[in-house]
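My structure is below; once you've seen it, I'll send some questions.
Below, chain A is the first sequence line, B the second, and so on; all start at residue 1.
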Amino acid sequence: MGDNNTDSKGYLDMELLRFSTAGSVDDGKSTLIGRLLYDSKSIFEDQYEAIEESSKRKGDENVNLALLTDGLRDEREQGITIDVAYRYFATPRRKFIIADTPGHIQYTRNMVTGASTANLAIILVDARKGVVEQTYRHTFIASLLGIPHIVFCINKMDLVDYDEKVYQKIKEEVEAFSSKLDVKDIRFIPISALKGDNVVNQSKNMSWFKGGTLLYVLENIHIGSDHNHIDCRFPVQHVIRPHSDKYHDYRGYAGRISGGVFKPGDDVLVLPSGFSSKIKSIDSFNGELDEAFAPMSVTMQLEDDIDISRGDMIVRDQNRPNVGQDVDIMLCWLNQKALTPNGKYGIRHTTNEARCLIKNIQYKVDINTLHRLEDDKNIGMNDIARVTLRTTKPLLYDKYTRNRDTGSVILIDESTHETVGAGMII
Amino acid sequence: MKSYNLTHLKELEAEAIFIIREVAAQFENPAILFSGGKDSITVAHLARKAFYPAKVPFPLVHIDTGHNFPETIEFRDKFIGEMGAKLLVGSVQESIDEGKVAEEKGYNASRNGLQTVTLLDTIEKYKFDACLGGARRDEEKARAKERFFSHRDEFGQWDPKNQRPELWNLFNGKKNFGENFRVFPISNWTEMDVWQYILMEGIELPSLYFAHKREVFERDGTIMAKCDFIEQKDSEDTINKTVRFRTIGDMTCTGAVESSASTLEDIIEEVAASRLTERGTRADDKRSEAAMEDRKKQGYF
Ligand SMILES: Nc1nc2c(ncn2[C@@H]2O[C@H](COP(=O)(O)OP(=O)(O)O)[C@@H](O)[C@H]2O)c(=O)[nH]1
């Protein structure tokens, strides 16, 4: 019994790390994920048996670990991955959520989706091929999406005799172009996903590499500052009114904290109305809380009876978000149907909903060279462009680089209701 | 500087509560699909936390195959009573009586596949526009790409090729007339997360999850509970065993495992050491590698 308790306790102390994986087709992404799952003992017997069976059927002599991450049947039949798939594994230190995003040229949209919530991105580079166009693209998207940590895995080192020079050359090339991008933390690891070098176990073939294995980095990288704990932002999601005798006058503002730290007694300001009040209590099912911070879901009561509804934001007086109807965004287009210049779309931002007009397409980005294409206003699926929007009501926003939650929007087609665009506020 | 860090269970909880509240805000007539299994119990518990001190503003819907373990029904009524929520039952027996579906025949007959029709009829009858469910992405390959807000067409079908991208914390619940959503607040949880959370929160579970003595028989390597709903072959002897169930479904297709785990701590230890996924004990998935995907496309949970 004693042991169990420590186990459970350990489990209660674990952190969550979300990461995305990107690479060109055949760089070894599926093999790498399979290797991580397998070497960290996250594979169940029946799963392993199923892929052993499939490998045999396909005439593979090795058990193809890549099959572990194969998704839907259509894709299995076509032998490609076409959508973001999520995988899970855990070590005693952390639980990991992998957003597995396919690397094909046409799937920028998937990488953007998978990267939107990631703490870390793994970008694969084939050691034989070195830096290719897609490496630029993946790095650019990771930096655009504000992923705090990027780990470049130089894969298939076994095919270049585990040569340090090959690794160094790729590393220098990546460093040269990534210095122009906004990335906080970049690391490099030479690996062989197929043979297992430096994935979970330290490589015996590359004693020249002094850094930690990929799993070591995933387990130890500091993620405590990945959320904004400075600017207090509480977008009201839902108003709780119990209508019961016991809680007759109760009026709680439920939501998920997007930034900063809130405490009972804090002076706060409610936007857009501009009314001031004080936090009376921060409530949860398990009792009142002394403080609340991102990304907690809580319910707040204020001292004063003011009219607050979904889409409003509770902030501090001396640290306010921008308020405005004209916003510039970097827009990633996600839909087959191209962006309509001067078109109208639904827009979602925090818990707010409005409509918007595409006022101006400033330029499109060539995502392979990062050049601005000022004359190209044709924004189709997977394109990235800088766009000016005019919204029907003011948004309460921060720059995306400051806060990913209060700086992001999605655009919705008003006839099909599909999510067609993802925007990062500049 | 003080570090503001949530443990992974707290972060998963915060995410799930956010999703559940988003359902309340974006939909007019949501419901929680409640099977009496640990995952849907966890979702119901999270819903309670999400709206506290108010009551959960959605009814709980149980699709009753008529082949439930009696323990499940007993637990269901007690649990929902304590929550103060409303229970709505969709009956597979009724769907059979009305001739909408035909009962399977033979030794492996199960009503599991029939549930889909009853579920879709129930959704239509009550005009639910969003149904919260306890599915997790780690359960099965086909679920790895499932969204939190999963769009269903007017026939209740899922189109895996045409899913809406989901970014950041921005969920798009817009729909056309007749369409609806399935919403999965615990998408990102693993089996272990659910167990640890149940332990952390002290959530009550049906007794079936814990080791008990039961009359069982073996079929194709799976231990099945002896019951009136399954035709046993002559070669399938009834024996007494100490077993427990890792998932709770229909009696005809839910296998037991031999186990002496009688507390949550024991179960967690067993799950940690276990080498079979929990779906490995469900006969319905074994029918083919892509079984789950086929059923999902038709509108299964
Ligand atoms: N020699 C060698 N082959 C590898 C390595 N990683 C992957 N491969 C092979 O490269 C091919 C493509 O790998 P896969 O994981 O399917 O690539 P993906 O398209 O990026 O998912 C497969 O034949 C793998 O066996 C490696 O480290 N060394």
Side-chain angles (χ1 to χ4, degrees), chain A residues 1 4-5 7-8 11-16 44-47 50 70-74 83-88 90 94-95 97 109 112-113 116-117 224 227 229 237-238 240-242 247 250 254 256 261 284-285 293 295-297 299 310 334 346 348 351 404-405 408 410 412 417-419 422, chain B residues 3-15 17-18 21-22 24-25 48-55 137-138 141-142 144-145 160-161 163-172 174-176 187-188 190 192-193 196 199-200 265-266 268-269 272 274-277 279-280 289-290 293:
Chain A
M1 276 303 288
N4 292 335
N5 284 336
D7 265 349
S8 297
Y11 207 84
L12 296 180
D13 271 344
M14 280 162 57
E15 289 174 327
L16 183 63
F44 292 103
E45 193 175 351
D46 52 341
Q47 291 175 316
D70 239 12
L72 305 173
R73 182 168 56 185
D74 296 346
D83 200 348
V84 189
Y86 294 89
R87 324 277 168 200
Y88 304 85
R94 277 184 181 162
K95 174 198 163 97
I97 301 180
R109 111 184 183 141
V112 169
T113 304
S116 71
T117 51
H227 282 284
H229 295 307
Q237 190 186 3
H238 181 72
I240 292 182
R241 309 244 19 210
Y247 297 101
Y250 189 96
R256 196 168 188 196
V261 181
S284 81
F285 186 77
F293 49 88
M296 288 167 73
S297 284
T299 303
R310 177 174 163 91
L334 310 169
R348 262 180 204 280
T351 53
R404 285 164 96 180
D405 287 332
S408 51
I410 55 171
I412 296 171
H417 301 311
E418 287 175 316
T419 304
Chain B
S3 116
Y4 292 104
N5 245 350
L6 289 184
T7 66
H8 86 285
L9 285 180
K10 291 278 185 200
E11 188 166 341
L12 291 174
E13 179 190 65
E15 176 179 88
I17 288 177
F18 179 82
R21 287 170 170 170
E22 210 50 25
R48 238 164 138 176
K49 294 187 90 159
F51 301 106
Y52 175 85
K55 289 221 155 63
R137 287 177 181 147
D138 84 320
K141 273 183 188 174
K145 302 184 179 191
K161 280 249 175 82
Q163 301 196 76
R164 294 177 181 177
E166 264 177 4
L167 301 105
W168 300 293
N169 281 326
L170 298 168
F171 296 95
N172 173 4
K174 292 252 185 241
K175 60 192 180 314
N176 287 313
S187 288
N188 275 333
T190 59
M192 191 51 135
D193 295 331
Q196 294 280 0
L199 177 67
M200 179 173 99
E265 285 88 348
D266 293 346
I268 285 168
E269 196 179 346
S274 161
R275 302 180 61 230
L276 274 188
T277 57
R279 288 215 152 261
E289 210 191 327
E293 195 180 322

Margin query: Below 4.5 Å, heavy-atom pairs only: which of A:His227, A:Arg310, A:Gln237, A:Glu418 has the largest tally toward chain B?
Written below: A:Gln237

Notebook entry, point to check: Counting heavy-atom pairs under 4.5 Å to chain A, which of B:Ala50, B:Ala25, B:Ala14, B:Ala54 comes out on top?
Noted result: B:Ala14

Notebook entry, point to check: With a 3.5 Å cut-off and no angle check, do the side chains of B:His8 and B:Asp193 form a donor-acceptor pair?
Noted result: yes

Check: Counting N and O atoms only, with roles assigned by atom type, does the side chain of A:His229 sit under 3.5 Å from a partner on the main chain of B:Tyr4, one being a donor and the other an acceptor?
Finding: yes

Check: So what's closer than 4.5 Å to chain A heavy atoms on B:Glu11: side chain, backbone, both or neither?
Finding: both

Next item on the list: Start with the C-alpha distance between B:Leu6 and A:Phe293, add both sets of side-chain angles, then the distance that settles side-chain contact (heavy atoms from CB on, under 4.5 Å), and finish with yes or no.
Entry: CA-CA 9 Å; B:Leu6 289 184; A:Phe293 49 88; 3.9 Å; yes

Check: Would one find more than 12 heavy atoms of other residues, nucleotides or ligands at under 6.0 Å from atom NZ of B:Lys175?
Finding: yes

Margin query: Please rank A:Thr299, A:Thr117, A:Ile412, A:Val112 by heavy-atom pairs under 4.5 Å with chain B and give me the top one.
Written below: A:Ile412

Checklist line | Sidechain-backbone polar pair: B:Arg164 side chain, B:Asn172 backbone, donor-acceptor under 3.5 Å | finding: yes

Check: Do you know which of A:Glu15, A:Arg348, A:Met296, A:Arg404 has the most heavy-atom pairs under 4.5 Å to chain B?
Finding: A:Arg348

Next item on the list: Report the option among B:Glu22, B:Glu13, B:Arg48, B:Glu166 that has the most heavy-atom pairs separated by less than 4.5 Å from atoms of chain A.
Entry: B:Glu22

Next item on the list: Counting only heavy atoms closer than 4.5 Å, note whether A:Thr113 contacts chain B via side chain, backbone, both or neither.
Entry: both

Notebook entry, point to check: Non-hydrogen atoms of chain A under 4.5 Å away: do they reach the side chain of B:Arg21, the backbone, both or neither?
Noted result: both

Notebook entry, point to check: Does the A:Arg94 side chain pair with the main chain of A:Leu16, one donor and one acceptor, at a distance under 3.5 Å?
Noted result: no

Margin query: Counting only non-hydrogen atoms closer than 4.5 Å, does B:Glu15 touch chain A with its backbone (N, CA, C, O), its side chain (CB onward), both, or neither?
Written below: both

Check: Looking only at atom types and distance, does a side-chain atom of A:Ser116 sit under 3.5 Å from a main-chain N or O of B:Leu167, one as donor and one as acceptor?
Finding: no

Notebook entry, point to check: Does the side chain of A:Tyr86 pick up a donor-acceptor pair with the side chain of B:Asn188 at under 3.5 Å?
Noted result: no

Notebook entry, point to check: Do B:Lys49 and A:Ser284 come within less than 4.5 Å of each other through their side chains, counting heavy atoms only?
Noted result: no

Check: Is it the side chain or the backbone of B:Lys55 that comes within 4.5 Å of chain A heavy atoms, both, or neither?
Finding: neither

Next item on the list: Heavy-atom distances under 4.5 Å only: say whether A:Tyr247 touches chain B with side chain, backbone, both or neither.
Entry: side chain

Check: At a heavy-atom separation under 4.5 Å, does A:Val261 approach chain B through its side chain, its backbone, both, or neither?
Finding: side chain

Checklist line | Engaged part of A:Ile410 at the chain B interface, taking heavy atoms whose separation is under 4.5 Å | finding: both

